Amino acid sequence: MIVAKYRKRELVSNYTILTILALTCILPIMLLFFNSIKPQEEFGINPFGFPITIRLANFVDAWIMGEYAQIFLNSSKLVIGTLILNLTVSGLAGFSLAKLYPRGSNAFLVYLLVGVSIPAQMFILPLFLMWKEFGLMNTHLGLIIIYAGLNAPFATFLIRSYMIQLPDELFDAAKIDGANTLQLFYRIALPISWPVFLTTGLVVGLAVWNEFLFALTFVHDDSKKPIATILFAFQSRFENNWGLVNASAVMMMAPIVILFMFFQRRFIAGLTSGASKG
Amino acid sequence: MSIFFSKNSIAWYFILPVLAVHFMVVALPSLLSLALCLTDWNGFGKINYVGFENFYELFDDRYFKKAVWHNIIWTCLFLTVPIALALTCAYLLTGITKGQMLFRLCFFFPYMLASIISCQIWKYIFHPLYGLPAWLNSKGIDLIPAVSPFTMKETSLYAVAFVDGWHFWGFLVVIYITGMYQVDNSLYEAADIEGATKFQKFRFVTLPLIRPIFIFSIMIIIIWSIPTFDYVWILTQGGPAYSSEVLATNLYSQAFDRFNVGYSSAIGTLMFIYTIFIVSIFGVLRKLGWEI
């Protein structure tokens, strides 16, 4: 779309405004990088610039002092576990809603819509008490079930809206060849729907990696905490050791930056998918 | 037997797992919350039914009222500043071709950061010793006193909202620009022939045509402003002196510091009723034929 033929002067002002706004988004993140490789002594004289001496050992120190080998394993376990559980159950449901036309499925869609609008604070305390009863407190399994449930409506909707476009003839042909319903799902629907599973997986994975409230509430052992809540504890423990704190934050951000470089469009499409459907 | 293997039953078996997980995590505890808000339970001992006692108490609670007021301020802030900024930005972006994608990525990236990281970045920038104000002071520019705005009663709420807004507004840019690209180009050409200015084109062509997305963004801002928690908890924990307390942090400390199960369930229930109320308003408007 060309809104208008812009004159040169206008173009310059457009670019200037946009650049200033883009810098307010990016410069603070750059600062995080700079500070993660800055030695502690330098913060007093050079709080905002590129480090005069580069100290990569910040990362090593943070990794050892924060026992990050364990913490990153925890976070990865949560992400992978959630993805397996969430994509399995949402994939099955999305397929059924899109292609098996169950009677009364509209009621289920309304249920999911109400489900997404319930604020987490409404149910976090009873959930906490339930999880205590079930012995799921302080366990990764407990958090995985929570994350899978919280992200289920989003994943189900996204997968359903993709599978709805698949031609019915494909499934009819397989049925004639004697495939049962489960086979229709994993032999036909699953292999051709991988793009939507990738998008859903990226968005859900990102949400789990960054999640704070439930991780704060449901895991109290330092050795079991994911990176988000460990960083929260780290901030007060190493209050003014900015090099270490920033290096930790960069390590938490690194996987996201790398994935974002490869899958920008998928991330953006997935995270904004609610809006385009209205 | 055949009813268990009918086409319809099999279709429902596929839905059952997701229903089970979601019901256990969201629906069942929400229902429990609805029941517990009528009791004075403190997590141990007997559960006594007290009717609407918790709600009467809430409406007398100074800190609760403060939190409600802060949530209102929060909602108003987010309904104005990020929306205005994002609309301008998206409109400017549609006018350029070179580097447009790069700009979009820059605006969007903060939205993907974890709350803990955005908070840490801005905590450093506003740090009383190392931060921007202190640095400006050392250069002889005494515009802002070198204290962290997160630790001052007058500014804490706004400072926290600023950080959350910084993280959030790029999301709006992307959804608005998606909407703007769906606008038919011939409408702009027609407006050009009529001699419309850029602002007129924005006001009378762009804005009406992205209305569905615009209304959607207003709805999610109102809904998302209610349970806002991460940024407040990480940056100020509601302090100093309750100056940045919002409903979610109020509920959280009632629930997990004091174990007032009934009381915090009452707050949660009110949040839920409000959210459903907002969603149904938009639902009714849609039914009435407002294209949203």
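Treat the numbers as computed from the prediction; the structure is a model and nothing was measured. To find a chain, count down the sequence lines: A is the first, B the second, and so on, and within it residues start at 1.
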When heavy-atom pairs shorter than 4.5 Å are enumerated against chain B, which of A:Ala148, A:Pro126, A:Ala152, A:Gly94 gives the highest number?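 Ranked by heavy-atom pairs under 4.5 Å with chain B, first place is A:Pro126.
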
Among the listed options A:Asn35, A:Val114, A:Val250, A:Ile124, the residue most often paired with chain B at heavy-atom distances under 4.5 Å: A:Asn35

Is chain B contacted by the side chain of [X], its backbone, both, or neither, given a heavy-atom distance below 4.5 Å?
X: A:Ser13; value: neither
X: A:Ile26; value: side chain
X: A:Leu125; value: both
X: A:Ser117; value: both
X: A:Leu32; value: side chain
X: A:Met130; value: side chain
X: A:Trp131; value: side chain

Can a donor-acceptor pair be found, under 3.5 Å and without considering hydrogens, that links the side chain of [X] to the backbone of [Y]?
X: B:Gln120; Y: A:Ala249; result: no
X: A:Asn210; Y: B:Met112; result: yes
X: B:Asn8; Y: A:Arg103; result: yes

Quick check: do [X] and [Y] have side-chain heavy atoms less than 4.5 Å from each other?
X: A:Phe260; Y: B:Phe108; answer: yes
X: B:Trp122; Y: A:Pro28; answer: yes
X: B:Phe256; Y: A:Leu216; answer: no
X: A:Leu21; Y: B:Trp169; answer: yes
X: A:Phe212; Y: B:Tyr231; answer: no
X: B:Trp12; Y: A:Ser96; answer: no
X: B:Tyr252; Y: A:Leu213; answer: yes
X: A:Tyr147; Y: B:Val25; answer: no

Give, as side chain, backbone, both or neither, the part of [X] having an atom under 4.5 angstrom from any heavy atom of chain A.
X: B:Leu93; value: both
X: B:Tyr111; value: side chain
X: B:Met101; value: side chain
X: B:Ile117; value: side chain

Do you know which of B:Ile10, B:Ile278, B:Ile234 has the most heavy-atom pairs under 4.5 Å to chain A?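 Among B:Ile10, B:Ile278, B:Ile234, the one with the most close pairs to chain A is B:Ile234.
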
Relative to each other, are the rings of A:Tyr15 and B:Phe103 parallel, tilted or perpendicular (30° and 60° limits)?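 Tilted: the ring planes of A:Tyr15 and B:Phe103 meet at 30° to 60°.
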
Describe, in one word, how the ring planes of B:Phe14 and A:Phe185 are oriented to each other, choosing from parallel (under 30°), tilted (30 to 60°) and perpendicular (over 60°).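 Because their plane-to-plane angle is over 60°, the rings of B:Phe14 and A:Phe185 count as perpendicular.
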
